[in-house]
S.K.: 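The structure that follows is given in the form of structure tokens.
In this chain, residues are counted from 1 in sequence order. What you see is a predicted model; the values in this text were computed from it and never measured.
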Amino acid sequence: MATILVIDDDQQFNMMMKSALEVKGYTVETAFNGKEAKELYQKKKYDVIVTDIIMPDIDGYEVILDLRRMGMSDRTIAVSGGGRTAADDYLVTAQHFDVAATFNKPVDLAALRAKVEEIIQKH
């Protein structure tokens with residue numbers, strides 16, 4: 001079964017995403033910042049990675065660029081609830097890094113699960 005990594009500094013969001021994806025049979029691991037995530041994805045290959053943009057330590061852009069260098073940007077989904085500017089501003093920038101998809105928070109779980117399945121089927 002496919003393994004997914006969810007990266008977000010909001011513990012509640014991570015648990016919600018974990019539950020929403022595990023119910024579909026996926027194995028889901030979580031990280032609370034980019035630094036923690038980097039330690040995980042450098043040791044293990046994930047089928048899909050969902051990352052927030054605004055996080056402490058290493059932000060989502062750095063994660064996405066790192067995954068892009070690893071040839072995994074087409075397995076990456078960026079999410080954002082905004083920050084200093086609107087979420088769309090952050091997500092447009094993420095699209096320039098060739099992510100597979102972007103979602104505003106609150107995330108449409110049905111649409112996100114469909115995109116996860118599409119990425120898995122593609123690979």
Side-chain angles (χ1 to χ4, degrees):
M1 186 44 64
T3 303
I4 300 167
L5 176 60
V6 176
I7 312 161
D8 198 297
D9 58 327
D10 180 341
Q11 186 172 2
Q12 217 174 357
F13 181 83
N14 277 355
M15 294 303 107
M16 183 265 306
M17 291 293 290
K18 184 174 173 69
S19 296
L21 293 166
E22 283 180 341
V23 77
K24 292 297 186 180
Y26 302 119
T27 300
V28 181
E29 296 179 12
T30 61
F32 296 104
N33 58 55
K35 184 177 179 188
E36 188 179 322
K38 193 170 185 171
E39 291 171 9
L40 292 171
Y41 66 70
Q42 286 185 333
K43 294 177 188 168
K44 179 178 183 176
K45 187 171 182 177
Y46 292 92
D47 297 289
V48 179
I49 297 175
V50 179
T51 185
D52 188 24
I53 301 295
I54 306 302
M55 297 182 291
D57 297 319
I58 296 175
D59 68 22
Y61 291 136
E62 222 174 307
V63 167
I64 292 166
L65 287 172
D66 200 33
L67 292 168
R68 185 178 182 191
R69 282 189 288 275
M70 296 170 67
M72 296 197 46
S73 60
D74 63 342
R75 296 173 182 257
T76 305
I77 297 172
V79 298
S80 181
R84 291 178 190 230
T85 66
D88 286 337
D89 295 338
Y90 294 109
L91 295 174
V92 165
T93 301
Q95 288 170 346
H96 291 291
F97 299 140
D98 303 321
V99 295
T102 60
F103 288 89
N104 285 329
K105 290 180 181 177
V107 173
D108 176 338
L109 293 177
L112 183 120
R113 285 191 291 240
K115 181 50 82 171
V116 165
E117 186 60 31
E118 179 186 316
I119 292 168
I120 290 167
Q121 295 301 319
K122 195 174 175 181
H123 296 280

S.K.: State whether the number of non-hydrogen atoms from other residues, nucleotides or ligands found under 6.0 Å of Gln12 atom CD is greater than 12.
M.R.: no

S.K.: With side chain to side chain contact (heavy atoms under 4.5 Å, CB included) as the criterion, how do Leu67 and Arg75 come out once you've worked through the C-alpha distance, each side chain's angles and the decisive distance to 0.1 Å?
M.R.: CA-CA 9 Å; Leu67 292 168; Arg75 296 173 182 257; over 6 Å; no

S.K.: Do Lys105's NZ or CZ and the ring of Phe13 fall within the cation-pi criteria of under 6.0 Å and 45°?
M.R.: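 Yes.
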
S.K.: To the nearest 0.5 Å, what is the distance between CD1 on Ile119 and OG1 on Thr76?
M.R.: 7.5 Å

S.K.: Measure the spacing between OH of Tyr41 and CE of Met70 and express it to the nearest 0.5 Å.
M.R.: 6.5 Å

S.K.: Does Asn14 use its side chain to pair, donor to acceptor, with the backbone of Asp8 at less than 3.5 Å?
M.R.: yes

S.K.: Does Asn33 use its side chain to pair, donor to acceptor, with the backbone of Ile58 at less than 3.5 Å?
M.R.: no

S.K.: Output the distance between atom CD1 (Ile77) and atom CZ (Phe103), rounded to the nearest 0.5 Å.
M.R.: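 Taking CD1 in Ile77 and CZ in Phe103, the distance rounds to 5.5 Å.
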
S.K.: If you apply the rule side chain to side chain contact (heavy atoms under 4.5 Å, CB included), what do you find for Leu21 with Arg113, and how did you get there?
M.R.: CA-CA 7 Å; Leu21 293 166; Arg113 285 191 291 240; 3.9 Å; yes

S.K.: Other hydrophobic cluster members with Val92, side-chain heavy atoms of Ile/Leu/Val/Met/Phe/Trp/Tyr under 4.5 Å, chained?
M.R.: none

S.K.: Looking at every non-hydrogen atom in both residues, tell me the closest pair between Gly81 and Ala87 and how far apart they are.
M.R.: C-CB, 3.8 Å

S.K.: Flag the pair Glu29 and Lys44 as a salt bridge only when some basic side-chain nitrogen lies within less than 4.0 angstrom of an acidic carboxylate oxygen.
M.R.: yes

S.K.: Could you measure the distance from the CD atom of Gln95 to the CG atom of Asp88? Nearest 0.5 Å is fine.
M.R.: 9.0 Å

S.K.: Run the numbers on Lys115 and Val48 for side chain to side chain contact (heavy atoms under 4.5 Å, CB included), then give the verdict.
M.R.: CA-CA 10 Å; Lys115 181 50 82 171; Val48 179; over 6 Å; no

S.K.: Hey, is the main chain of Tyr90 close enough, under 3.5 Å, to the side chain of Tyr61 for a donor-acceptor pair?
M.R.: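 Yes: the side chain of Tyr61 pairs with the backbone of Tyr90.
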
S.K.: Before giving the answer on side chain to side chain contact (heavy atoms under 4.5 Å, CB included), spell out for Glu62 and Leu65 the whole-Å C-alpha distance, their side-chain angles and the decisive distance to 0.1 Å.
M.R.: CA-CA 5 Å; Glu62 222 174 307; Leu65 287 172; 5.8 Å; no

